[in-house]
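Scroll down for the structure; my scribbles are underneath it.
Chain letters run A, B, ... following the sequence lines, proteins first and then strands; every chain starts at 1. Atoms considered below: every heavy atom in the structure, side chains included; atoms not considered: hydrogens, waters and symmetry mates.
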There are 2 protein chains.
Amino acid sequence: MAVTIRDVARASGVHVSTVSRTFSAPHLVNAETRNRVLAVAEQLGYRPNRAARGLTTGRTHNLGLIVADIANPFFPPLIKAAQAHARARDYHVFVADTDEDPRVEEELIRAFTKQVDGVLLCAPRLGDRTLAKLRRQVPFVLVNRRLDGLPAVLMDVGHGARLAVEHLAGLGHRRLALLSGPEGSWNSRRIRESAADAAAAAGAELTVIGPNSPTEQGGQIAAPEVARAAVTGVLAYNDLVAIGLVEGLAELGVRVPDDVSVVGVDDIMQARLNRPKLTTVAMPTVAAGRTAVDMLLQLVGTEEPGPAALTVLETTLVVRESTAAAPVEERPARLPSGEVT
Amino acid sequence: MAVTIRDVARASGVHVSTVSRTFSAPHLVNAETRNRVLAVAEQLGYRPNRAARGLTTGRTHNLGLIVADIANPFFPPLIKAAQAHARARDYHVFVADTDEDPRVEEELIRAFTKQVDGVLLCAPRLGDRTLAKLRRQVPFVLVNRRLDGLPAVLMDVGHGARLAVEHLAGLGHRRLALLSGPEGSWNSRRIRESAADAAAAAGAELTVIGPNSPTEQGGQIAAPEVARAAVTGVLAYNDLVAIGLVEGLAELGVRVPDDVSVVGVDDIMQARLNRPKLTTVAMPTVAAGRTAVDMLLQLVGTEEPGPAALTVLETTLVVRESTAAAPVEERPARLPSGEVT
DNA sequence: CTCATTAATGCAAACGATTGCAGCTCCGTC
DNA sequence: GACGGAGCTGCAATCGTTTGCATTAATGAG
């Protein structure tokens with residue numbers, strides 16, 4: 001068996017409470033005693049049992065972080081920022097992956113309950129009702145999802161989508177496609193709405209394709225449909241989809257950006273590495289990770305909730321090589337405000 | 001406060017032990033009572049406190065998984081495989097990232113202690129002595145690291161490195177470079193040793209460069225040095241480094257594979273997406289994740305350790321577009337077994 | 001009808017820590 | 001020389017569950 005506080009107490013001739021205090025309130029115990037206890041503890045290899053401590057104090061000093069897909073390069077920077085930030089505040093972050101499955105997501109939240117002080121839910125796929133119910137199990141902060149009464153940090157992807165569409169329109173593209181994201185995704189809806197608005201304002205036509213899986217595969221699969229739709233500009237739900245699409249189009253003999261322009265969302269590392277380098281909407285993931293931790297810690301620190309905080313972070317458009325002026329044949333055919341049958 | 005077993009007991013007019021049993025040993029309680037308790041529990045929203053349960057049973061049904069860098073695309077498939085496999089066995093996997101810092105690694109192992117039943121250590125950066133000490137805190141299984149007396153699953157990257165060097169030599173390359181990995185990495189040493197052996201056997205010269213950071217940046221930074229070394233074939237510690245190198249060489253006007261051939265290690269998703277598609281040593285990450293979980297569960301399930309198991313998984317060479325025949329000017333200048341000053 | 005058996009439940013002691021309260025010693029003060 | 005206070009330490013209850021044992025009631029056998 002592991003060595004417990006009791007073993008240390010016995011071996012150093014003091015009561016367990018003194019040992020406990022040596023670790024959790026050192027100033028309350030005589031320097032001499034403290035040193036003796038520490039020495040014995042060290043020698044016995046004693047480590048406080050954090051689970052047991054959590055039972056009495058109600059604080060585990062752990063945070064949970066749930067993402068839909070660790071393999072999506074969008075998340076690691078956020079995760080790392082959150083971990084580093086939390087560690088500096090003497091908290092540990094445990095990460096879990098839901099595999100895009102809402103049921104797994106719920107199960108994981110339940111599993112985290114009482115083992116962490118709070119959880120960061122990144123782009124949850126769960127429905128509003130379930131989330132509202134779950135919030136009573138464990139405090140949480142949402143990332144990229146808005147729900148009344150719950151603290152959240154949002155990246156204003158709608159703004160980014162608008163910029164993207166305006167960028168394409170400015171390049172002369174009039175027939176655009178949107179490769180949409182997962183049903184449950186709040187981000188996906190924001191992108192769709194803003195892109196539609198911006199397209200309408202710019203007098204461009206916008207076709208919605210999908211949703212397919214929010215991965216390269218999803219993008220690759222969408223390629224034939226994109227080609228068939230005869231669009232010249234595409235906004236993809238995220239960079240992975242965009243990269244997959246470029247790949248898929250290449251196989252169909254469609255060149256990017258010569259024949260069609262593609263813009264992604266997220267600005268993951270691969271966007272820079274891709275050929276052509278991807279034009280994309282950059283997300284402030286690091287800031288989001290830090291902010292979310294701060295909000296969560298503030299939430300678990302206080303007895304009463306206070307008003308649910310909401311932080312909105314800005315997104316920007318990064319123009320690289322995957323977008324270019326629309327092909328000439330396409331332009332003269334339609335009026336700027338052209339309607340379609 | 002959260003609703004506890006006691007609340008349920010009171011509300012349903014039975015003793016706490018009966019409530020406990022309805023959840024952990026249903027067959028011991030009368031069907032009628034059980035249903036009543038379950039109904040009350042449901043209505044009150046009772047959830048067992050897993051930390052408290054772990055205190056008495058000694059089992060948390062959680063596993064920890066520690067990696068050096070979540071952002072490295074090598075890990076996600078392994079992580080996902082481990083999570084899925086564990087979930088099927090009613091275990092949850094919590095992941096933590098050490099940021100390549102051995103101190104953080106140790107801290108995380110300590111943090112996991114008693115909160116999980118065992119931990120999977122992926123390519124730990126910790127020294128042998130520390131690992132040997134830590135193993136008494138919590139059972140663990142090593143991945144890609146060998147240490148006497150500790151169960152491990154290894155991917156035979158040495159074999160892969162040998163294949164890679166033979167592949168390059170077979171294409172006529174005589175001057176090779178190895179971009180080495182982090183000091184503490186067991187894999188890195190294996191690669192270096194095997195590559196050196198294979199190079200010697202093939203009569204090729206092998207220059208070791210680095211170590212730099214095992215990331216794209218690291219590869220990019222190494223590019224000038226590679227160019228200066230006037231080699232025609234490079235084996236990189238991993239795909240990220242290889243991809244960064246290709247990028248860095250391009251900026252220097254050196255073409256891959258025309259001027260120099262590059263092979264990576266890991267076969268991450270980006271290897272297929274890169275232009276040129278990367279020739280690389282494929283690692284059986286999914287199998288590794290599953291096997292590691294199995295070994296760990298077997299380890300925590302039994303009272304006495306038994307012999308430390310060791311599983312070695314095979315690696316293969318995937319030839320794509322980043323390797324080609326050595327440039328012609330280079331070949332006639334030297335004998336196959338050419339020595340250098 | 002009695003007795004052994006079984007099924008269902010209650011009782012209370014753990015698990016490993018924390019913490020309010022009380023007690024003791026020692027010191028300085030008046 | 002009694003008193004008040006400070007500084008340490010011990011006592012025991014508590015956190016939410018599990019589980020070996022005792023208890024009770026119901027069942028079946030002889």
Side-chain angles (χ1 to χ4, degrees), chain A residues 1-38 40-41 44-62 110-117 136-138 300, chain B residues 1-38 40-41 44-62 110-117 137-138:
Chain A
M1 272 301 118
V3 19
T4 80
I5 207 177
R6 233 168 292 270
D7 302 322
V8 178
R10 200 166 320 142
S12 46
V14 297
H15 195 263
V16 290
S17 53
T18 302
V19 179
S20 172
R21 277 187 274 258
T22 317
F23 289 97
S24 46
H27 60 279
L28 287 183
V29 12
N30 181 288
E32 198 182 334
T33 323
R34 192 195 320 151
N35 289 333
R36 180 157 36 95
V37 170
L38 285 176
V40 172
L44 261 49
Y46 166 76
R47 296 290 154 187
N49 180 328
R50 315 184 93 223
R53 173 181 297 182
L55 198 52
T56 45
T57 61
R59 291 268 164 276
T60 61
H61 267 239
N62 294 143
R110 293 237 150 89
F112 268 141
T113 299
K114 293 292 163 191
Q115 312 216 61
V116 302
D117 295 343
R136 288 180 320 196
Q137 307 270 335
V138 53
V300 305
Chain B
M1 274 297 122
V3 19
T4 80
I5 207 178
R6 232 169 293 269
D7 301 321
V8 178
R10 200 166 321 141
S12 46
V14 296
H15 195 263
V16 291
S17 53
T18 302
V19 178
S20 173
R21 276 188 274 256
T22 50
F23 288 98
S24 47
H27 61 279
L28 287 183
V29 12
N30 180 289
E32 197 182 337
T33 324
R34 190 195 319 149
N35 289 334
R36 181 158 35 99
V37 170
L38 285 177
V40 172
L44 261 49
Y46 166 76
R47 297 289 153 188
N49 180 329
R50 316 184 94 222
R53 173 181 298 179
L55 197 52
T56 46
T57 61
R59 291 268 165 277
T60 62
H61 268 239
N62 294 142
R110 294 235 148 91
F112 268 140
T113 300
K114 293 292 163 191
Q115 313 215 62
V116 302
D117 295 342
Q137 307 269 335
V138 53

Calculate the interatomic distance between [X] atom [atom1] and [N] atom [atom2]; express it in whole Å.
X      : N      : atom1 : atom2 : value
A/R10  : C/dA17 : CZ    : P     : 12 Å
B/N49  : D/dG16 : CG    : C1'   : 6 Å
B/R6   : D/dC15 : CZ    : P     : 7 Å
A/K114 : D/dG16 : NZ    : P     : 7 Å

In terms of side-chain heavy atoms of [X], which of [options] is nearest?
X     : options                : result
B/I5  : C/dT9, D/dT18, C/dT18  : D/dT18
A/T33 : D/dC8, D/dT14, D/dC11  : D/dC8
B/P48 : C/dG16, D/dT17, C/dC11 : D/dT17

Inter-residue atom distance B/R110.CZ - A/R47.CZ, 0.5 Å rounding: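 It is 3.5 Å, given to the nearest 0.5 Å.
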
For [N] and [X] - does any side-chain N or O of the residue sit under 4.0 Å from the phosphate oxygens OP1/OP2?
X     : N      : answer
A/T18 : D/dG10 : yes
B/S17 : C/dT9  : no
A/R53 : C/dT18 : yes

Within the modelled atom types, does a donor on one side and an acceptor on the other bring the side chain of B/R21 and the base of C/dG10 under 3.5 Å apart?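 Checked by distance alone, the answer is yes.
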
B/H15 vs A/T57, nearer the 5' end of DNA chain C by closest nucleotide: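 Mapping each residue to its closest nucleotide by heavy atoms, the 5'-most match is B/H15.
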
